[in-house]
Structure formats: C-alpha cells, structure tokens
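All of these numbers come straight from a predicted model, not from anything done at the bench.
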Amino acid sequence: MAYDGLEVDMISLGNADSILVTQWGYPTGACRVLIDGGKSGDADKVLAFLAQHKVSYLDHIICSHPHEDHGGGLVDLIKSKEISFGEIWMHLPWRHIDELKLNVYLGLGSNSAKKIVSIVNKSLETTREIESAAKAKGKIVYEPFQGKKIGFLHVLGPRQEFYEQLLMDFTDLEKLSKMEESMKQYQNRVLLEDIYENSPQMFNASSGLGEAPTEPENNSSTVLWTRHNTDQLLFTADAGVEALMEVKNSYPLIGNLSWMQIPHHGSRRNINEELINFFKPKTAFVSADGTKKHPRRAVVDAFKKVGTAVYSTHYPSSTNKWFHLGAVPLRPDYSNAIPLYDAEGRAALIGGV
Ligand SMILES: [Zn+2]
C-alpha cells in the first residue's frame, strides 16, 4: 500500500505540547516533524510514544517557543540516544538583540514586573540548554520565521520584525510592568466572575475571549500551516490574539480549515470570535489538563458555535489524540474520540433514565 496521507498526533501531557506531524510519501517515505517536547519531565513519555510508533528518526524538531511546557522536554529528548534527527528549529534571541543588554535588563528585574521577568529568564535558560544539546549532536539551530519551510510545514508566524519587536518588549521593564499590571487586573476580574458564577446577574460577564493580553513570549510562538489536497491544517502553540491577527492579515486566503490546534491550552486570552470565524475549523484539538481555565468553556463553546468538533487530550480521560487524512497505516488499537462535551451529555442521559 502506498501511503500518501497526513497524520497529527497530539500526545496527552496535560497543559503542555508535544505534537508529531507525519507526511507520508514526502518525497519518498515519511517525513516526521516533532513540534515541542512537553515539560522537563515529559521527555520519557514522548520517547515512549515515538518508540511505540516505531519512530527513531525525526526529520525536524521545532521548539515553538521556549516556555517550560513546550521546550522543557526537548532538552532531554535531544540528548537522548534513542532518537536521531535532521534539523532543529527555534528562535535565538541573542541573534537579534545584544545578549549583554538582554542579561543586564533581566538581571535588574523589577518589583512590578517580577513574574514576567522570571518567566523570560527561565525561557532564556531553556533556549540555551536546547541550543547546547543540539550543538553537542553537531546540529546548528535554524530560526522559524514567516516564509520559511520546514519539510512540508510552512511558517506563517512570527514575522522576523514582529519577533524583534516582541524582544524589545521583553527588555522594556516599563512595558513589562504595565503588562503585568493589566494581567493582574484581569486575574482579579476572573476571580470576581468565579465568585459570581452562579448568579450571573450580579456580574455582567461577557465571554471574555481575547480581552486580556497573553505573555509576550506566547506571541512569539511559531505558527505552522500545511495542507493535504484541499484540507488545511494550522498549528498555533501558545500564540495570542496579536500574533494570530498577524497571521490572518498576512494570509487572508487561509481559513475554513479542516483541522487546527486551539492555542494556549484553550485559554480565553489567546483567541477571539473574529479569529474563530476566520479559521472556522471542522476539527480542533487542544492540549489541556481539563481544569476550569484549560480549556475555557467559553472558548470551546465559541468553536462549537461555528460548527467545530473540539477534542481535548484530557477528555473524557487523558488520551493521545490522532487526526489523519488520506492513506495512512491503520491503527487497530485506536477508536473514535468523543468531542467536548458529548460524554457529559451521555452521562446525563444515562443518569436520567
Ligand atoms: Zn503552553
């Protein structure tokens, strides 16, 4: 059987990403791309998944952005003797900004932007660890900017200029303070909403989609696109509204997708109705732990409203999710997944009898 299809495997790791994308018959045999490796402790799970699927070579490894829940697991994965790989893709901030300046600014810290500064510092550490693990295997790191092609995947974002602007934001302590302040205000509002959840008349709650900013590094996430015949697929990592609007403006002809990843584990800070209407996917996957924020019910409902079947790695129990198009090897041990929140409905029906 000549396979010509496309597969997406979203490994179930809670609020963390590791996605294997396989294009069969490209140009001969399969081309495999691993997007992210979960958290630091997740490398073994990812390696076990790859071994189970008899994957010992990855054509490309991509670190979408250096947050712990995406880049953390890649450090041990790259060091592992169990897999080998072709190319590694990740943004290297020091290629765009004076490293000294980056360290001095972040070293200074700031009381008001303490949280964001410590996240950025941790990310820099993860980026360095991944780069040196790659170097130890004789690999140079390529940067995934808009217009690049990674195997069969096209990079739609970030644009290099957009990324460099984000880097300026990372090192502008005044801007970071303002951002942290607005995130705090948003968190207070969410707290109020949670308190008044059972009496919505007390609090005029909107769906709240895309109203508060996401951390600047989330907006630096690599956004990837590919197609199989007329079916289009979009990988968003933790991109926020600003980054996804950039994608929409740069590529007005995409949309009406067959599959997409819901960004940032279903947080309502990263997507809005305009974008959901634009992307309008038939199927959407989300990597999430199933708590109240991830995925947000309002986000899932907004996707369902445009006809999307939403599947989460946590639902109805933690399971890896698989999406495929065209001719691919059969997986007799897989069964149909249940979209959010059909199992709830079924349980209610059973309970009602
Ligand atoms: Zn994340």
Side-chain angles (χ1 to χ4, degrees), residues 15 17 64-65 67 69-70 91 115-116 119-120 123 144-146 155-170 172 175-176 178-190 193 205-225 232-257 259-281 284-288 293-306 308 310:
N15 286 344
D17 269 13
S64 69
H65 67 301
H67 275 167
D69 57 319
H70 296 253
H91 299 120
K115 195 179 159 207
I116 295 183
I119 293 171
V120 176
S123 301
F145 286 119
Q146 189 182 84
V155 181
L156 302 194
R159 272 188 307 119
Q160 188 167 331
E161 299 74 23
F162 179 75
Y163 175 74
E164 285 168 355
Q165 185 52 52
L166 284 173
L167 276 185
M168 299 301 283
D169 293 350
F170 294 173
D172 184 334
K175 256 194 183 167
L176 288 183
K178 274 190 198 148
M179 189 170 301
E180 189 149 318
E181 194 45 46
S182 85
M183 282 167 85
K184 256 183 228 155
Q185 279 171 12
Y186 172 74
Q187 268 150 17
N188 289 341
R189 213 196 75 169
V190 169
E193 282 182 4
S206 64
S207 69
L209 295 196
E211 282 176 11
T214 189
E215 285 150 24
E217 287 177 300
N218 285 340
N219 274 322
S220 78
S221 288
T222 304
V223 177
L224 298 154
W225 174 94
Q232 302 182 63
L233 294 85
L234 186 75
F235 302 83
T236 56
D238 285 355
V241 171
E242 205 187 334
L244 294 172
M245 286 304 288
E246 274 264 325
V247 167
K248 177 178 181 280
N249 294 334
S250 302
Y251 300 93
L253 293 181
I254 69 159
N256 290 315
L257 305 169
W259 180 94
M260 85 175 270
Q261 175 187 14
I262 297 179
H264 200 200
H265 322 291
S267 161
R268 67 173 168 178
R269 289 186 282 146
N270 296 61
I271 195 100
N272 61 21
E273 272 97 358
E274 183 185 346
L275 287 164
I276 292 172
N277 271 313
F278 174 68
F279 293 130
K280 221 183 231 173
F285 279 12
V286 59
S287 61
K293 288 183 191 170
H294 304 109
R296 271 277 173 190
R297 188 92 187 204
V299 171
V300 176
D301 287 346
F303 273 97
K304 286 175 81 170
K305 216 168 134 188
V306 299
T308 309
V310 180

| Positive for side chain to side chain contact (heavy atoms under 4.5 Å, CB included) with Tyr251, one of Leu156, Val223, Leu234 | Leu156
| Hey, does His91 have a side-chain heavy atom less than 4.5 Å from the side chain of Pro144? | yes
| query | Is there a donor-acceptor contact under 3.5 Å from the side chain of Ser220 to the main chain of Tyr163? | reply | no
| request: Look at the side chain of Ser221 and the backbone N and O of Asp238, then say whether any donor-acceptor pair between them is shorter than 3.5 Å. | output: yes
| Who are the side chain to side chain donor-acceptor pair (under 3.5 Å) partners of Gln261, not counting sequence neighbours? | Asp17
| message | Counting C-beta onward and ignoring hydrogens, is there a side-chain heavy-atom pair between Val286 and Val300 closer than 4.5 Å? | response | no
| task | Working to the nearest 0.5 Å, report the span between CG of Asn219 and CE of Met245. | result | 12.0 Å
| query | By ring pair (Phe, Tyr, Trp, His ring centres under 6.0 Å), which residues pair with Phe235, not counting sequence neighbours? | reply | Trp259
| task | Apply side chain to side chain donor-acceptor pair (under 3.5 Å) to Trp225 and list each qualifying residue two or more places apart in sequence or on a separate chain. | result | Gln232
| Could you state the interatomic distance from CZ (Arg159) to CG (Leu166), rounded to the nearest 0.5 Å? | 10.0 Å
| Is any side-chain N of the basic residue among Lys248 and Glu274 closer than 4.0 Å to the acidic one's carboxylate O? | yes
| task | Would you give the length of the straight line joining atom NZ of Lys280 to atom CG of Leu257, rounded to the nearest 0.5 angstrom? | result | 11.5 Å
| said: Checking Glu242 now: which residues fulfil salt bridge (charged side-chain N to carboxylate O under 4.0 Å, His left out) with it, not counting sequence neighbours? | reply: none
| Quick one: OG on Ser64 to NE2 on His70, what's the gap to the nearest 0.5 Å? | 5.0 Å
| said: Using only atom types and a distance under 3.5 Å, with no angle test, would you say the side chain of Thr308 pairs donor to acceptor with the backbone of Val310? | reply: no
| query | Quick one: ring pair (Phe, Tyr, Trp, His ring centres under 6.0 Å) partners of His264, sequence neighbours excluded? | reply | none
| query | Is a side-chain donor or acceptor of Asn270 paired with a backbone partner of Ala239 at a separation under 3.5 angstrom? | reply | yes
| query | How far apart are the C-alpha atoms of Arg296 and Ser267, what are their side-chain angles, what is the distance that settles it, and do they pass the side-chain contact (heavy atoms from CB on, under 4.5 Å) test? | reply | CA-CA 6 Å; Arg296 271 277 173 190; Ser267 161; 5.9 Å; no
| query | In Å and rounded to the nearest 0.5 Å, what is the CZ to CD1 distance from Phe278 to Ile254? | reply | 5.0 Å
| Should Thr236 and Ile271 be marked as a side-chain contact (heavy atoms from CB on, under 4.5 Å) after you check the CA-CA gap, both sets of side-chain angles, and the distance that decides it? | CA-CA 11 Å; Thr236 56; Ile271 195 100; over 6 Å; no
| Glu164: partners by salt bridge (charged side-chain N to carboxylate O under 4.0 Å, His left out), with sequence neighbours left out | none
| Testing His265, Lys293, His294 for side-chain hydrogen bond (donor to acceptor under 3.5 Å, both in side chains) with Asn15, which one passes? | His294
| field | CG on Asp69 to OG on Ser287, rounded to 0.5 Å | value | 8.0 Å
